[in-house]
Amino acid sequence: MQAVAGTLGGAACPLAACKPSQGRAAQTGLSRNVGLVGQAFQGLRKANAIDGRNASVNGAAPLAALPVVGRGRKTITMFGGNGLFTQTRPDVRRIVPEPQVGKPTVKIVYVVLEAQYQSSLSAAVRNINRKRDDLAVEVVGYLVEELRDPENYESFKKDLSDANIFIGSLIFIEELAVKIREAVEVERERLDAVLVFPSMPEVMRLNKLGTFSMSQLGQSKSAIAQFMRKKRKESGSGFEEGMLKLIRTLPKVLKYLPSDKAQDARNFMMSLQFWLGGSPENLENFLVMIAGAYVPELKSSKLQFEDPVVFLDTGIWHPLAPCMYDDVKEYLNWYDTRKDLKGLRETKPITIGLILQRSHLVTGDEGHYSAIVMELEARGARVIPIFAGGLDFSGPVDRFYYDPITQKPMVDSVVSLTGFALVGGPASQDHPKAIESLTKLDVPYMVALPLVFQTTEEWLDSSLGLHPVQVALQVALPELDGGLEPIVFSGRDSRTGKSHALYDRVESVCTRAIKWGNLKRKAKADKKLAVTVFSFPPDKGNVGTAAYLNVFGSIHSVLKELQADGYNVGELPENPEALMEEILHDREAKYNSPDLNIAYKMSVREYQKLTPYAEALEENWGKPPGHLNTDGQNLLVYGKVFGNIFIGVQPTFGYEGDPMRLLFSKSASPHHGFAAYYTYLEKIFDADAVLHFGTHGSLEFMPGKQVGMSEDCYPDSLIGSIPNIYYYAANNPSEATIAKRRSYANTISYLTPPAENAGLYKGLKQLSELIASYQSLKDTGRGQQIVATIISTAKQCNLDKDVELPEEDAELESEERDTVVGRVYQKLMEIESRLLPCGLHVIGEPPSAQEAVATLVNIAGLDRPEEEIFGMPGILAEAVGRDIEDVYRSSDKGNLADVQLLQDITLASRNAVGAFVDTTVNSKGQVVNVVDQLGAIFGRKKEPWVEALAKTEFKNANKEKMKTLFDFLAFCLKQVVADNELGGLKQALEGRYVQPGPGGDPIRNPKVLPTGKNIHALDPSSIPTQAALQSAKVVVERLLLRQKAENDGKWPETVALVLWGTDNIKTYGESLAQVLWMVGVKPVPDALGRVNKVEPVSLEELGRPRVDVVVNCSGVFRDLFINQMNLLDRAVKMVAELDEPLEMNFVRKHALEQAEELNCTLREAATRVFSNASGSYSSNVNLAVENSSWNDEKQLQDMYLSRKSFAFNSDAPGSGMMESRAIFEKSLATADATFQNLDSSEISLTDVSHYFDSDPTKLVQGLRKDGKKPNSYIADTTTANAQVRSLSETVRLDARTKMLNPKWYEGMLSSGYEGVREIEKRLTNTMGWSATSGTVDNWVYEEANDTFINDPEMQKRLLETNPNSFRKLVSTFLEANGRGYWDTSEENLDKLRQLYADVEDRIEGVDK
């Protein structure tokens, strides 16, 4: 045991490279002393369990300060103190030598990003002070994050004031880089030396070694700088390796140059070499060299020091190896002759590649790496741990993970333990290069995390989990490489700074890495897959819910593909309907059975034995089995097994039907039935992987830390060790990212249904025909008569709510008639051209030509200035001498000529794109062979779009611009049809690498396509972009001007608005920028393009007062963009403190009033950024409405206030989300308007319940002293012509284009069972808007009732297809009337009551 411990501590392991013979000779003696690795590791675990937090290995820092994290669940609050994430103090890094006469003392202050240098530097200083007679060193070190604390920052400045030398490294957080620069600049001239290793340019410019300076860094256009940039681009990973060699060789050359400049440059290069060497010996010699060369009183002493000990820049490391290896053959030779692994060699073990940071190895801070290696080997895996000295790990991956003979990959999965992107560190990354390397390797790629900015205790006590900066650098960025499973595997000791393994997390990482690797090894016929579907709201008519997805049709499609590929799917039902019947027990849920099909009955004893966290659930749910998913004695798992495939129904949250639980400010734990389901998957069915089918379930939204799960977090406990594959809608990257981070999902994107224009129907179509008649006959005597008919028909269609219409018999002048017709026509075209998803998507089905046309037309509608692509509407408008923005504005006002021109542009665009697409279709109308067909198109004398426009007024459209646009559309068309949804799933199931890709709106960002990618979001520090800010300005000005016009000419003082995660990903931060522009600030990117700072815009530039805001961030936005919440809070507080007239600064006005009322500081009163408590999501208003589990609107409003009143405070960011209900209510009470954004044609107000769930309109009315209802607005940026509509206008538009539109509901009904549910959902969500805002017109319910109830044929179809959902539809009509939202005839109500009773009898009667 002692031999192993010594090796793990690092002292017994030489770090220089092995020569071939040394490697073979050294290992023999070592193996005799080691014994079985597994036993050694178990022994270490026991030793640490005994010694607890103070356990140490061979006198070094604890290898595992925490034996096992957690076990007992507790209420998690943020680590207290100063309200910051990092509570440590620099005193633990302060060494002051005993004063000795004649022995000069040099004071050194250092600042580093991570703590791994702390132990090594401290050892170096102690060694100097102990051994040397000519020098003593006083040292104090700061972690970058500690400088957020004002007390620490003052201490830092004080330490600098009498320091000789300042050292900084990896300072890449701008706000802290600025503080460091400001403090050091004051002392720079006095300091004897300033050394800053790779950091932000403004900090690097502080470097000073004699005549050596970097003051021009980043500002020079020298030939050398340009050459370096060129070589980096050309050489790839070889560039970094070349630079590291240059650092080693250049000092040898400079040594012989006589000038001081050359020697100072040499000393800097030597310093960097010493620093990267990192060992106590190297750092000791580094400090002696710098002190002797630059501290005046030591210059004449000619202090002696050794040259740097050189370590491999890249190589292979193992805690038991005698040295580092730079040849994989030599490493394997050593590895394969280890006697303790004899049994392992005979089994052809799983091989896991590990990626390590060299700095941890050379500084001796590798205990956490050793723990991973030993645990993997104890579990029977072979390990190849590689490292790199720079931050490009693709080179070592390419060198060391391939068999030197066959050149095939040797690893089955890879785990990066660095936390960084594969190529590039905190400053910049090269994701395409990383993806190229990982695609070639083609194995699962996990990125586990060491705690960087927090100690173990701080992380454990944090409700947020990981520090937001670490989330941005080490979670979000690796996801862009395709990285999976951000599991925290090591902590940091607050005293020594050393890393230590967190054993339950190490076990989790290792088990999961092996399981992913097993997918590569295991035969397909033997693999067990658990397909999990959802049922929400809990009702038999809702089994198989997923956004935009025909779930059972898709599952059947997937199982057929897997069956053909060799998987054992048993007796697969012949069609989706039969498959659904077996899950639901009765075909399409026509007749209710007591329960769904029961796959397994789990006794309470078995449940408690197999579910280690079962007892923790009792606080919320009592003793098992409880009341959910149980027969009273056993816990029931619903679903059915087909061969090696289990199709199961995930239980719901469990509290959605309980109004009292819905009022709780924090979400409850999973119930026993939910836990039993996942216990069954892992421990009884023994799944090799779980496939969560569609967007989305409840697993990832269970309570726990936001990011960086501990064992006490329920998503981590539930998923256990099962690889999680998750089909997620491509347009929902935000919630997909939550699934990735909280339930460790490999998210495979699927298409949303094909988009089509809504078209016109019934009276709307008749109106369109009347307008066409008017335009051809308006100058004849019939003009007045036709206008009267148009007015009458428009009123019958309820368009008088949207368009101001005169009486039918009003005498109108010709110009007035044109205006009336123009306004009606504009509204009709708005309805007709609105995109809507038709039907439901089936996994793996390619789009038809017509479906591709609608998508491409809308892609063609947008300008893309960054790619020098002009949108088609602008090109066509230009062809007739008009500017498209002028056409939009004029059309919006109802100018008949411009409404017609815009319609002509729209039709011409469709025809041009249609002609292009028609050349690529087969006989079935499907888009095929795009590449071949496109070659033929571009080889023709006349392109198809030229022919399509030849007979129109747009025939002279700019050919260059059109050619560029259609080149882009050709690329987009290839993306649309290049489906990989089944392929992506099969790659994941085969233990292969699934290429990452952005999620979002394919119209805004065609790179979302093709689907079947591993969805990621974006770098959160990159938003809002400048383009997003420009778009935001347009929307904000339109919103404020409309509110001013509708509010007696007064500017709104406060706007209450919502920030969504997905919206900000799709638009690169447009709604975030809207908030900033309302209060009158603008984002300022740093030198690396990251947005971490804001500055106020002058009132002169703003041209209006600063508008106060109340920002409700969704729980998903909170999880993904906590740094942006920090930015917003800082922005609002900055504005509140501006000395400006109160009538021009409503933020300050209200904050001063509220500070006085609440007896708090101005900054506290300026709190405006709210969300849920950490780990909780939504206001639960949606759950109450969907389940009819609410008494009155007051109860819904109490839910909203209780759940959404948690504030983020940038002054104490580590405190997490703190309940601040008083200031939340006071702020809402000042709101004149409520506001939300629609950014995508696929999701509108009634498609999902999230929008009304976040709407505070009636709540604000109740809180306002005057009881006035605020105006409610929706910004629609789904097209190039951005609109700000009232909420009621948008609800009407939604109803006309979807729920009441035959094209939409027939498309849904073509999907059968799921389609009925979609119709019912739209009605329920419509009623949700009645409940929260009162903006639904009576005619919407009336026409819905006529469409779905009073039509006998339709009624029969709905009842036959999905009786449970039809029953919910009927009950929702009755509920809407009962709650006062729908006034209808008694005849209608009697019919509904009787119909409800009949459906009930029909459903229930079979069971009697």
Side-chain angles (χ1 to χ4, degrees), residues 174 472 476 480 731-734 737 859 861-869 871 885 998-1008 1016-1040 1055 1057-1086 1088-1097 1101-1102 1107 1109 1111 1113-1114 1116-1117 1120-1128 1130-1132 1169 1235-1241 1243 1273-1284:
E174 193 210 15
L480 305 186
N731 70 343
N732 194 344
S734 62
T737 303
I859 289 173
L862 300 178
D863 286 335
R864 302 174 197 272
E866 68 282 0
E867 298 175 67
E868 298 183 349
I869 296 170
E885 288 299 323
D1001 180 359
I1003 290 169
R1004 287 178 183 263
N1005 181 12
K1007 290 177 184 175
V1008 168
H1016 61 68
L1018 43 68
D1019 176 358
S1021 65
S1022 66
I1023 66 169
T1025 61
Q1026 286 303 305
L1029 180 61
Q1030 294 309 312
S1031 299
K1033 287 180 180 180
V1034 172
V1035 169
V1036 168
E1037 296 311 318
R1038 289 179 187 174
L1039 167 69
L1040 298 182
V1055 175
L1057 51 92
V1058 185
L1059 290 183
W1060 299 102
T1062 286
D1063 293 13
N1064 278 283
I1065 293 170
K1066 290 177 181 176
T1067 64
Y1068 297 93
E1070 278 184 21
S1071 54
L1072 176 64
Q1074 289 166 5
V1075 180
L1076 296 175
W1077 195 247
M1078 284 182 197
V1079 301
V1081 302
K1082 61 184 178 184
V1084 182
D1086 66 17
L1088 302 172
R1090 301 174 308 193
V1091 180
N1092 294 309
K1093 190 167 65 174
V1094 291
E1095 61 183 33
V1097 176
E1101 182 183 343
L1102 203 58
V1107 175
V1109 292
V1111 185
C1113 301
S1114 73
V1116 173
F1117 183 93
L1120 300 189
F1121 297 113
I1122 194 102
N1123 287 314
Q1124 277 61 34
M1125 290 174 73
N1126 189 326
L1127 197 73
L1128 287 175
R1130 281 161 43 205
V1132 174
V1169 183
F1235 176 63
Q1236 294 200 51
N1237 281 277
L1238 288 177
D1239 66 281
S1240 170
S1241 57
I1243 307 175
Y1273 300 104
I1274 303 291
D1276 181 346
T1277 58
T1278 59
T1279 66
N1281 185 17
Q1283 301 286 323
V1284 175

Got a list of side-chain donor-acceptor pairs under 3.5 Å for residues 862-869, not counting sequence neighbours?
unit_1, atom_1, unit_2, atom_2, d
Asp863, OD1, Gly871, N, 2.6
Arg864, NH1, Arg1004, O, 2.9
Arg864, NH2, Ile859, O, 2.9
Arg864, NH2, Ile1003, O, 2.8

Report yes if some heavy atom in the side chain of [X] is under 4.5 Å from a heavy atom in the side chain of [Y]; otherwise report no.
X       : Y       : answer
Leu1018 : Pro998  : no
Val1035 : Arg1038 : no
Thr1277 : Glu1070 : yes

For Ser734, what residues pass the side chain to side chain donor-acceptor pair (under 3.5 Å) criterion, not counting sequence neighbours?
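Checked Ser734 against side chain to side chain donor-acceptor pair (under 3.5 Å); matches are Asn732, Thr1062.
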Please report the interatomic distance [atom1]([X]) to [atom2]([Y]), rounded to the nearest 0.5 Å.
X       : Y       : atom1 : atom2 : value
Leu1120 : Trp1060 : CG    : CH2   : 13.0 Å
Ile1274 : Phe1235 : CD1   : CZ    : 8.0 Å
Ile1065 : Asp1001 : CD1   : CG    : 12.5 Å
Ile1243 : Thr1278 : CD1   : OG1   : 12.0 Å
Lys1093 : Leu1127 : NZ    : CG    : 11.5 Å

Checking side-chain contact (heavy atoms from CB on, under 4.5 Å) against Leu1128, which of Leu1076, Val1109, Val1079, Val1081 comes through?
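When side-chain contact (heavy atoms from CB on, under 4.5 Å) is applied between Leu1128 and each of Leu1076, Val1109, Val1079, Val1081, only Leu1076 qualifies.
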Single hit among Ile1023, Leu1059, Asn1092, Val1075 for side-chain contact (heavy atoms from CB on, under 4.5 Å) with Gln1124:
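Answer after filtering Ile1023, Leu1059, Asn1092, Val1075: Ile1023.
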Might you point out which heavy atoms bring [X] and [Y] nearest each other, and give the distance in Å?
X       : Y       : value
Gly1069 : Ala1028 : C-CB, 3.9 Å
Phe1117 : Gly1061 : CB-N, 3.9 Å
Gly1000 : Pro1002 : O-CD, 3.4 Å
Pro1024 : Val1091 : O-CG2, 3.7 Å

Report the C-alpha distance between Leu1057 and Val1111 in whole Å, list the side-chain angles of each, state the deciding distance to 0.1 Å, and finish with yes or no for side-chain contact (heavy atoms from CB on, under 4.5 Å).
CA-CA 5 Å; Leu1057 51 92; Val1111 185; 4.2 Å; yes
For atom NZ of Lys1033, is the number of surrounding heavy atoms from other residues, nucleotides or ligands below 6.0 Å larger than 12?
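Counting neighbours around NZ of Lys1033, more than 12 heavy atoms of other residues, nucleotides or ligands fall under 6.0 Å, so yes.
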So does Leu1072 get a backbone contact from the side chain of Asn1064, meaning a donor-acceptor N/O pair under 3.5 Å?
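Yes, because the side chain of Asn1064 sits within donor-acceptor range (under 3.5 Å) of the backbone of Leu1072.
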Residue pairs, two or more places apart or on separate chains, that pass side-chain hydrogen bond (donor to acceptor under 3.5 Å, both in side chains) and touch residues 1073-1083:
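Non-adjacent pairs meeting side-chain hydrogen bond (donor to acceptor under 3.5 Å, both in side chains): Glu1037-Trp1077, Gln1074-Asn1237.
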With a 4.0 Å cut-off on N to O distance, would you call Glu174 and Arg1090 a salt bridge?
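Here Glu174 does not pair with Arg1090 in a salt bridge, since their nearest N and O are not under 4.0 Å apart.
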